[in-house]
Amino acid sequence: MYHAKLDTFPAGFLWGAASAAYQVEGAADADGKGKSVWDEFSKVPGKTFENTNGDVAVDHYHRVLEDVALMKEMGLKTYRFSIAWARVFPSGEGEVNEDGLRFYDRLIHALLANGIEPMVTLYHWDLPLALEKKYGGWRSRKTADAFVEYARVVMERYRHQVKYWITFNEQNVFMSLGYRFGAHPPGIRDFKTMMEANHIVNLANARVVKLAHEIDPSYRIGPSFGYGPSYPYDCDPNHVLAAMNADAFNNDWWLDVYVKGRYPKALLYQLEKAGLAPTIREGDYDILAQGRPDFLGMNYYHGGTVQWNRYENQTLADGKDFNKTDPYQMQAQWSQAPETRMFETAKNPHLKTTAWGWEIDPVGFRVALRKMYDRYELPILVTENGIGAIDKLEADHTIKDPYRIEYLRTHILEMRKAITDGVEVLGYCAWSFTDLLSWLNGYKKRYGFVYVDRDDKSERTLNRYKKDSFFWYRDVIAQNGNAIEEKEGEQ
């Protein structure tokens, strides 16, 4: 769709940046915090790059006022962060830890005092270890009960201070990597188990959305989903059908439940035939139907390209190898995997990749925004988008990152085009504000606007230094994004 002139970004657009508790806070056992599954999993030799962990991370816990001052200098309108469940409930349930909550009191107060809207993620993968040991984590509905109680405590405490809430961050990722591919805690490799645990998370999500509206009708709450569109390898109708199947498997299976309160019928039918569908009890659909969110959060990094399945296609194009550090649009390699009958991944010859092999596809961002908005007709909040790269701290403490500026510029431009197309976008949170622990990738892979002086071997000084992209994004925000326009020859 061509536009001679692009619409301006809406007034009040939420320009922000994001983080997650385990990746930035550190202070792993400070002030009564309990252990999370990541505190244990990251200590297993070989599970993470150079055996890195979040014990110290980038020490946001002790440097929170310094970091908020940098956010103020940048002009952020919102800061998306997660609360560590095990700081609030060290055992995941039972007695509330007031000392842990006081850290979030300080953070939220500092944000509000500096004119920054707090955006709170309730769950960003750091399940309290005690719940994993006691109940089997998300395999038990008792964990869902504990999550609802944790959410109630937090949402009641920050009523009139926090407006925007994210229930779960990338349920599709932490379920797949944790319960199917064994690359994240709890390290399980079983598709059926993933389906059962995923259904329980869906119930927890719906219950918390309903609870949020009961606590404060002005709350705006929704899940954050790792979304990417599925492209057919070419215009062969068989590849087009494969792309439909891939979208259903990778996107619709999760998002339909959030919004419609039910699973997509065709895919559910196939999983039922294979004996892989989740156990749905009487009353479950009633719970799911009451959990319609106010918006959908989108984490966008890239989509995927697929071709006709291996059983019917005798001339497969080069496939995309499974990579546990690239969790988007994954396909299992074993022949019994249900998706092998639906589609086969393929390399996209039109796209460049990052140093970690992630496709760079800004137009895909526009495609994603259009597809999500058209299917679900809910406002979209972009909760993550960014590029991981190796940044160099110069002798004069500057960091030249033109690759990050160009990545963000082209993606923001495509978002502006999507808005001009008619998509309602509430805000954009770049990933990430500071450098942080990149889960399995350690500290070498940097995403932030703010460089943190640490590496995979030691914490070094943990000093903060502003990258060139810091100043660029500051100017983008000051102009409400409206200086982001196409360069000559870019269309």
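Please read all numbers here as calculations on a predicted model, not as lab measurements.
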Exercise: do Tyr258 and Asn202 side chains pair donor with acceptor under 3.5 Å: no
Donor-acceptor contact present, side-chain Lys163 to main-chain Glu117, <3.5 Å: no
By the side-chain hydrogen bond (donor to acceptor under 3.5 Å, both in side chains) test, which pairs, at least two apart or in different chains, include something from residues 172-183? Arg180-Glu339
Would a distance-only check, ignoring hydrogens and angles, find a side-chain to backbone donor-acceptor pair under 3.5 Å from Glu384 to Ala430? no
For the ring pair Trp138 and Phe168, is the centre-to-centre distance below 6.0 Å? yes
Got more than 12 heavy atoms from elsewhere within 6.0 Å of CZ, Arg281? no
Heavy atoms of other groups near Lys142 NZ, more than 12 under 6.0 Å: no
Less than 3.5 Å apart, any donor N or O on the side chain of Asn250 or Tyr227 sitting next to an acceptor on the other? no
Tell me if the OH atom of Tyr269 is crowded by more than 12 foreign heavy atoms within 6.0 Å. no
May I ask you to decide if Gln307's main-chain N or O and Asn238's side chain share a donor-acceptor pair within less than 3.5 Å? no
Considering only NZ, NE, NH1 and NH2 on the basic side and carboxylate oxygens on the acidic side, decide whether Arg141 and Asp284 come within less than 4.0 Å. yes
Just by modelled atom types, is the Ser469 backbone N or O under 3.5 Å from a matching donor or acceptor in the Asp401 side chain? yes
Is the Tyr158 to Tyr104 ring centre distance short of 6.0 Å? no
Heavy-atom pair with the smallest gap, counting every atom of Trp38 and Asp126: CD1-CA, 4.4 Å
Is a side-chain donor or acceptor of Tyr473 paired with a backbone partner of Ala17 at a separation under 3.5 angstrom? no
Smallest heavy-atom separation, Ala277 atom then Glu272 atom, equals CB-CG, 3.6 Å
Step through the shown structure and confirm whether more than 12 heavy atoms of other residues, nucleotides or ligands are within 6.0 Å of NZ on Lys77. no
Is the side chain of Asn385 donor-acceptor paired with the backbone N or O of Tyr300 at a distance under 3.5 Å, no angle test? yes
Can we call the ring centroids of Trp356 and Tyr301 under 6.0 Å apart? no
Distance under 6.0 Å and angle within 45° of ring axis: Arg262 vs Tyr285: no
Taking all non-hydrogen atoms of both residues into account, name the closest pair between His199 and Leu288 and its distance. CE1-CD1, 4.2 Å
Examine distances only and state if a side-chain atom of Trp85 and a backbone atom of Gly92 form a donor-acceptor pair shorter than 3.5 Å. yes
NZ (Lys347) with more than 12 external heavy atoms under 6.0 Å: no
